[in-house]
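Below: the structure, in structure tokens.
By convention here, the first residue in the shown sequence is residue 1. Because the structure is a prediction, the values reported are computed rather than measured.
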Amino acid sequence: MELMKLQPVAEGLPNCILKQVKAVEVLNEPEGLKNISKRLSRGQLMAMLVGMLKEMHPPELVPKLSSQLLNVVSINILADANVTSLDQVTNKTWTLSQAAYLAKKMADLKKLQFRKMRSVLQGITCKMINEVPDSGVMEMALAMTEYPEWRSKVQAGCAAKKLFATLVKKRADYFKTITEQELDMIPSDLLLHLLPSDVDDLPSSVCPIFLDKMEEANISSLPLNSPSRPALTKKALFCLTNGTDLSSLTSGDLPKLGPLVCELQPSQLRLMNPDVLNSTFQEMASCKHIPQQYRADIIKMVHQTFGNSSDWTEDTVESVGPLLLCDKFATSALPNKPWLKDVLHYMKSQSSDPSDALKKKIFALTTTTTASNATRKKREIMREPTGNLIQQLGMDNVYWSAGELDKMSNSTFLATVEILGEIPNYSADQLAVLSKKATEAFGPVSQMNESVVIQLECINQGFSNSHLENLPLPMDIVERISRCGWTQSQMESLWRGIAKYNNLTAQQLGAADMVSLNRLICGLSSGEIRQLNISAFKRAVASMDGIKCSFQSLQQLKTLAVAAFGKPGTWTEPQVVDLGNILAGLVASELASLDPSVFPFVSRTCIPLIPPNNFAVLSVAQLEALGPDSAVMVTTEQRDLLNNEQLTALETALTGFRQEAQRASQSGAPSLSAEGLTAFTKPLLLLLIGFLLL
């Protein structure tokens, strides 16, 4: 089979063909392999890998795979590849579970060399960092900052603590007496993790170096709730003003704050001169994150400075508009002028996670023509989806109301069905309308063919369970619809239909089939899950992203995981990564048995799926190890069942500091901000109530 000839039709190649690809021929065309791999789905990649492994053993095959194929290599296959040196892994991009496996392998072989590890760095544990000898700590610290794309907040915090502990061994008052040269040696991204009390102790003599380092620091490695954020900001302001009032701050000082400009509190902003405040807001407009507790006051101050957003000019929207985009009312109020849509489209393109308010405003501007107020009002009420509008909106077609979708013509639906079908998160009302449109355009569900089902994609969610069970779904296209927001009962119906249409049983499912099913594996019955091939499951599970089943189904998948990997108490970091949301199926005793060291590797999407009663059994050590990104996913119901000691541990995970360090960040402050007043007075109030009750 000539690989290059397959590239134009790669997406449509069935798994049975890909399993027949000759490994030797494919590997002789590395560029062709790379190009075709980019166009294949995960299920197709797994099918190709399964075929290759029939002809070639892992030690020979794995080093020659393209990045995409490498990403579907399971840990047990990687273990068989017999990787024994960093030279074999340095120039490849590894997944998190693969990196965790390789990092442990290198540590066991005493071959950890942080500067050479690149993507393997993401698999480094805090235990490995803590075991670095003092002589190698600076090299480790530099490596952790050299590749920020592979570094987690947990790793950055552990690396910083290890570095600071090593420095304090030189002299107890290291940070009180630190010199400019010594401060300059500390990587900027790790300096961010300095204890608030140590930040406060830094001598004025190092202010120039401190400001230089803050200007270049990547603050995204610091937990959003870290007490170091306000401490660093306060210190930077002190350095810029030589300890005087903030009214002495100039516009020229602002760039020296670097990312700390995003941490400015409303109480600090109010002390600035009007022209400096104006410039500050323009600097803050480029912030990727502004603390939640400051946003309402900052938006109010922006309106006080620049006027009501409904009256803003194009220049004003461009300079400070992004500050409003987290607020739906302020964003909605922006003027419906012809220039606004282009400005907002640019802002959306610059954001990694554009707000719902921004997308809704762009939708409103796109679907409403400019005319007189009376005419515009009439058109907003009567607007309907046209082919041109649907093409412009793409994924933002989700904002059409059910009533508006119902006004869409049959010809428009037929012309744009594939665009509309890609949206996975329609409401029930929208799906009811779209599924009705589908039957009007293509006829009864019972008469739809494979081509129609593929085009409808997520619109299929609007059909009844009995109809879903009879959809013509060949195994090779299942992966495309698996990402839609199916309910548990829908997944059960879909699986029964897939099994019947493809003449399949659970026992016959191979690794490629499981990957193609992805979250639809939740539709298998408990008896069918028990029949799944364990070897195939071990190969497939790492490539099955975002499994979200009922707790009962998760429990059955957990039982399969135990059969594949052993008891939960023995699970390692890479296994925990691979299992993902299946961990939510563990019962309380099994959760409690997990080693705390694996918790930084628990998927953040898994956390809210854990039943509150089960979550409540987690130990202090386990909760502290969660890390900020997972800790923020804890639900109110889960939190309500934790005791005080557990809540303190959860706060440690959120902030990166134990409670005593957070108290230190408030000590020695010359004044108390309004934002901190509540936190300060609440304990005093409780103490007073205690005395009154005596």
Nearest 0.5 Å please: distance from the [atom1] atom of [X] over to the [atom2] atom of [Y].
{"X": "Ile299", "Y": "Leu324", "atom1": "CD1", "atom2": "CG", "value": "6.0 Å"}
{"X": "Cys606", "Y": "Leu609", "atom1": "SG", "atom2": "CG", "value": "6.0 Å"}
{"X": "Met138", "Y": "Leu163", "atom1": "CE", "atom2": "CG", "value": "5.0 Å"}
{"X": "Asn613", "Y": "Gln638", "atom1": "CG", "atom2": "CD", "value": "10.5 Å"}
{"X": "Arg118", "Y": "Tyr147", "atom1": "CZ", "atom2": "OH", "value": "4.0 Å"}
{"X": "Glu131", "Y": "Lys162", "atom1": "CD", "atom2": "NZ", "value": "9.0 Å"}

Which atom names give the shortest non-hydrogen contact between [X] and [Y], and what distance separates them?
{"X": "Pro187", "Y": "Thr145", "answer": "CB-CG2, 3.5 Å"}
{"X": "Pro322", "Y": "Ala285", "answer": "CB-O, 3.1 Å"}
{"X": "Tyr294", "Y": "Leu264", "answer": "CD1-O, 3.7 Å"}
{"X": "Ala625", "Y": "Pro596", "answer": "CB-O, 3.3 Å"}
{"X": "Leu232", "Y": "Leu260", "answer": "O-CD1, 3.7 Å"}
{"X": "Lys361", "Y": "Leu334", "answer": "NZ-O, 2.8 Å"}

Decide yes or no for Leu254 and Leu249: does some side-chain heavy atom of the first lie under 4.5 Å from some side-chain heavy atom of the second?
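Leu254 vs Leu249: side chains touch.
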Does Tyr174 reach the side chain of Asp201, with side-chain heavy atoms less than 4.5 Å apart?
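A side-chain contact under 4.5 Å is absent here.
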Donor-acceptor contact below 3.5 Å, side chain [X] vs main chain [Y]:
{"X": "Gln155", "Y": "Gln122", "answer": "yes"}
{"X": "Ser226", "Y": "Leu222", "answer": "no"}
{"X": "Thr305", "Y": "Asn278", "answer": "no"}
{"X": "Arg151", "Y": "Met144", "answer": "yes"}
{"X": "Glu139", "Y": "Gly136", "answer": "no"}
{"X": "Ser221", "Y": "Ala156", "answer": "no"}
{"X": "Ser351", "Y": "Met347", "answer": "no"}
{"X": "Ser309", "Y": "Ala330", "answer": "yes"}
{"X": "Ser248", "Y": "Thr244", "answer": "no"}
{"X": "Arg295", "Y": "Asp327", "answer": "no"}

Might you work through the side-chain hydrogen bond (donor to acceptor under 3.5 Å, both in side chains) test for Asp245 and Ser247, ending with a clear yes or no?
CA-CA 5 Å; Asp245 192 85; Ser247 61; 3.0 Å; yes
Could you list the residues that satisfy disulfide bond (SG atoms under 2.5 Å apart) with Cys126, not counting sequence neighbours?
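Applying disulfide bond (SG atoms under 2.5 Å apart) to Cys126 gives Cys158.
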Once disulfide bond (SG atoms under 2.5 Å apart) is applied, do any residues pair with Cys326, and if so which ones, sequence neighbours excluded?
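In terms of disulfide bond (SG atoms under 2.5 Å apart), with neighbours along the sequence ignored, Cys326 is linked to no residue.
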Apply side-chain contact (heavy atoms from CB on, under 4.5 Å) to the pair Thr572 and Tyr101, showing each step before the final yes or no.
CA-CA 9 Å; Thr572 61; Tyr101 169 81; over 6 Å; no
Taking ring-ring contact (aromatic ring centres under 6.0 Å, His included) as the test, write out the residues that go with Phe175, two or more places apart.
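For Phe175 the ring-ring contact (aromatic ring centres under 6.0 Å, His included) partners, ignoring immediate neighbours, are Phe164.
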Just by distance, with hydrogens left out, do [X] and [Y] show a side-chain donor and acceptor under 3.5 Å apart?
{"X": "Asp253", "Y": "Thr250", "result": "yes"}
{"X": "Ser97", "Y": "Asp578", "result": "yes"}
{"X": "Asp595", "Y": "Ser597", "result": "yes"}
{"X": "Thr605", "Y": "Asn581", "result": "yes"}
{"X": "Ser319", "Y": "Gln282", "result": "no"}

Would you say [atom1] of [X] has more than 12 non-hydrogen atoms from neighbouring residues, nucleotides or ligands within 6.0 angstrom?
{"X": "Asn644", "atom1": "CG", "answer": "no"}
{"X": "Tyr346", "atom1": "OH", "answer": "no"}
{"X": "Gln350", "atom1": "CD", "answer": "yes"}
{"X": "Lys360", "atom1": "NZ", "answer": "no"}
{"X": "Lys92", "atom1": "NZ", "answer": "yes"}
{"X": "Glu149", "atom1": "CD", "answer": "yes"}
{"X": "Met185", "atom1": "CE", "answer": "no"}

If you measure from the Lys or Arg side-chain nitrogens to the Asp or Glu carboxylate oxygens, is any gap between [X] and [Y] under 4.0 Å?
{"X": "Asp353", "Y": "Lys288", "value": "no"}
{"X": "Lys256", "Y": "Glu215", "value": "no"}
{"X": "Lys170", "Y": "Glu182", "value": "no"}

Identify the residue among Ile607, Leu594, Val598 that makes a side chain to side chain contact (heavy atoms under 4.5 Å, CB included) with Leu583.
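Testing Leu583 for a side chain to side chain contact (heavy atoms under 4.5 Å, CB included) against Ile607, Leu594, Val598 leaves exactly one candidate, Leu594.
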Under the criterion side chain to side chain contact (heavy atoms under 4.5 Å, CB included), which of Leu641, Asp640, Thr635 is the partner of Glu637?
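The passing option is Thr635.
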Test Thr95 against Gln98 for side-chain hydrogen bond (donor to acceptor under 3.5 Å, both in side chains), laying out the working first.
CA-CA 5 Å; Thr95 65; Gln98 290 169 343; 3.3 Å; yes
Exactly one of Lys105, Lys111, Lys104 should register a side chain to side chain donor-acceptor pair (under 3.5 Å) with Asp108. Which one does?
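Only one option passes, and that is Lys104.
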Any chance you could lay out the side-chain contact (heavy atoms from CB on, under 4.5 Å) test for Leu167 and Ile186, step after step, and finish with the verdict?
CA-CA 10 Å; Leu167 295 176; Ile186 299 175; 3.9 Å; yes
Salt bridge (Lys or Arg N to Asp or Glu O under 4.0 Å) partners of residues 607-632, not counting sequence neighbours, each pair once:
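Salt bridge (Lys or Arg N to Asp or Glu O under 4.0 Å) check on residues 607-632 returns Lys153-Asp629, Glu624-Arg658.
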Distance to the ring centre below 6.0 angstrom and angle to the axis at most 45 degrees; does that hold for Lys235 and Phe238?
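Yes, cation above the ring, under 6.0 Å and within 45°.
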Return each pair, listed once, that meets disulfide bond (SG atoms under 2.5 Å apart) where at least one residue sits in residues 621-654; pairs must be two or more places apart or across chains.
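Of all non-adjacent pairs touching residues 621-654, none passes disulfide bond (SG atoms under 2.5 Å apart).
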Please evaluate residues Val261 and Cys287 with respect to the criterion side-chain contact (heavy atoms from CB on, under 4.5 Å), reporting the C-alpha separation (whole Å), side-chain torsions for both, the decisive distance (0.1 Å), and the verdict.
CA-CA 8 Å; Val261 74; Cys287 293; 4.2 Å; yes
What residues, two or more places apart in sequence or in another chain, satisfy side-chain contact (heavy atoms from CB on, under 4.5 Å) together with Thr316?
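For Thr316, the residues satisfying side-chain contact (heavy atoms from CB on, under 4.5 Å) (neighbours in sequence not counted) are Phe306, Trp312, Thr313, Val320.
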